[in-house]
Amino acid sequence: MQLTRLRLTGFKTFVEPTEFLIEPGLTGIVGPNGCGKSNLVEALRWVMGESSFKNMRGSGMDDVIFAGSNERPGRNMAEVALTLDNSDRKAPSAFNETDVLEVTRRIEREEGSTYRVNGKEVRARDVQLLFADAATGARSPALVRQGQISEIISAKPQSRRRILEDAAGIAGLHSRRHEAELRLRGAEENLTRLEDVLGEIDGQIDSLQRQARQASRYRSLAADIRRAEATLALIAHHLARGQEAEAERALEAAVRLVAERTGLQAEAARHQAVAAHGLPGLREGEAAAAAALVRLKRGLDELEAENRRARQRAEELDRRLGELQGDLGRQESVARDAAESLARLAQEDAALAREGEGSAGSAEAAAALLAQAEAALAAAEADHGAAQGALSELAARRGALER
Ligand code: ATP
Ligand code: MG
């Protein structure tokens, strides 16, 4: 495998696309200090997969992009393409189909690098491996950078061993072994993880089996439930049909009833209208009755007052009757006294008559006394009669009042 051409675009000092041909034999670059000779070697190492910006003499990988000068602005992208002659077909099998391989590395500011081989994007590791197999590479001692000779002379045996290994062409094997070891470790980790997962799955099997049993039981129960629900629905349907027929019958009866009641209502309305017609007369009658009632009440009050007064009067008359009866008693005793006096006077009169032949004067006196006594009797009888009259009149009034 031969390096035949290096193309740089925007890499460090090479702002314009620059092609650097590596012809058979010895190729040299001559130029003054700072013209960019070392930048070319760095471009070679960079495209071979250098990952350390320090080895690119920068403070970040973006420093390989042209940073600008007094006359030109900086760029945001750098690209280096290295063309390899693969006519001897010694490239790794993945890239070994063409006679020419073009390895490209491109960097964009703050976005990192991408690698391509013949336009197809590949990993950095693939590119590193490609060059390692060809006994070269970014870190390979086959590329001797400025000042490195003196470093090799004073290097430790370990570093010198790498130079020898490179010379023997087994650096690629080392790199592959490293990668294989990494893969092996990854596989081991995967195995351990797999065992863990298996352990977890074993733990889950029991519960999954239980769940599966529950699920099948659920399924059979669900089928039972569905069947029962279907039966229930059928029964409900029959019931509903029965109820519907019943409801229809009830509806018919109700319709009939409504018709009947409508007739009755019409009749009632007619009656109401008739009654309403008679209502004003009744109202007047009611008013008249109310007035009559008021009058009657008033009459009743008057009658009650009259009654009260009559009672008082009756009581008064009773009292008066009592008095009159007392008077009558007294008059009767006076009359009795008068009759007794009369009898005594008659006896005295007879005695006086017997004696009286002798004294006419005493006869006259006796006659005067008799006349006096008769007058008193007549007065007493007159009083008695008057009292009797008054009494019977009072009794009559009392009877009338009590009625
Ligand atoms: P010497 O003969 O002293 O070894 P040289 O020819 O090897 O010099 P280099 O070291 O390759 O020169 O180039 C250094 C030049 O590259 C410096 O002038 C530096 O300014 C310039 N340079 C480095 N990085 C960039 C960059 N990103 N953009 C622009 N110029 C850069
Ligand atoms: Mg230099």
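Numbering of ligands and ligand atoms starts at 1, following listing order.
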Is E316 salt-bridged to R313, cutoff N-O under 4.0 Å?
yes
SB check R226 E229 (cutoff 4.0 Å)
no
The Mg ion (ligand 2) to Q146: any N/O/S contact under 2.8 Å?
yes
Test side-chain contact (heavy atoms from CB on, under 4.5 Å) on H237 and R241; report intermediate values, then the result.
CA-CA 6 Å; H237 178 68; R241 291 290 286 271; 3.5 Å; yes
Verify the neighbour count for atom CZ of R311: are there more than 12 heavy atoms of other residues, nucleotides or ligands below 6.0 Å?
no
Under a 4.0 Å heavy-atom cut-off, what residues line ligand 1?
K12, T13, P32, N33, G34, C35, G36, K37, S38, N39, R57, D63, I65, F66, A67, Q146
Atom CD of E286: over 12 foreign heavy atoms under 6.0 Å:
no
Work out which heavy atom in M1 is nearest to a heavy atom in A134; give both atom names and the distance.
CE-CB, 3.3 Å
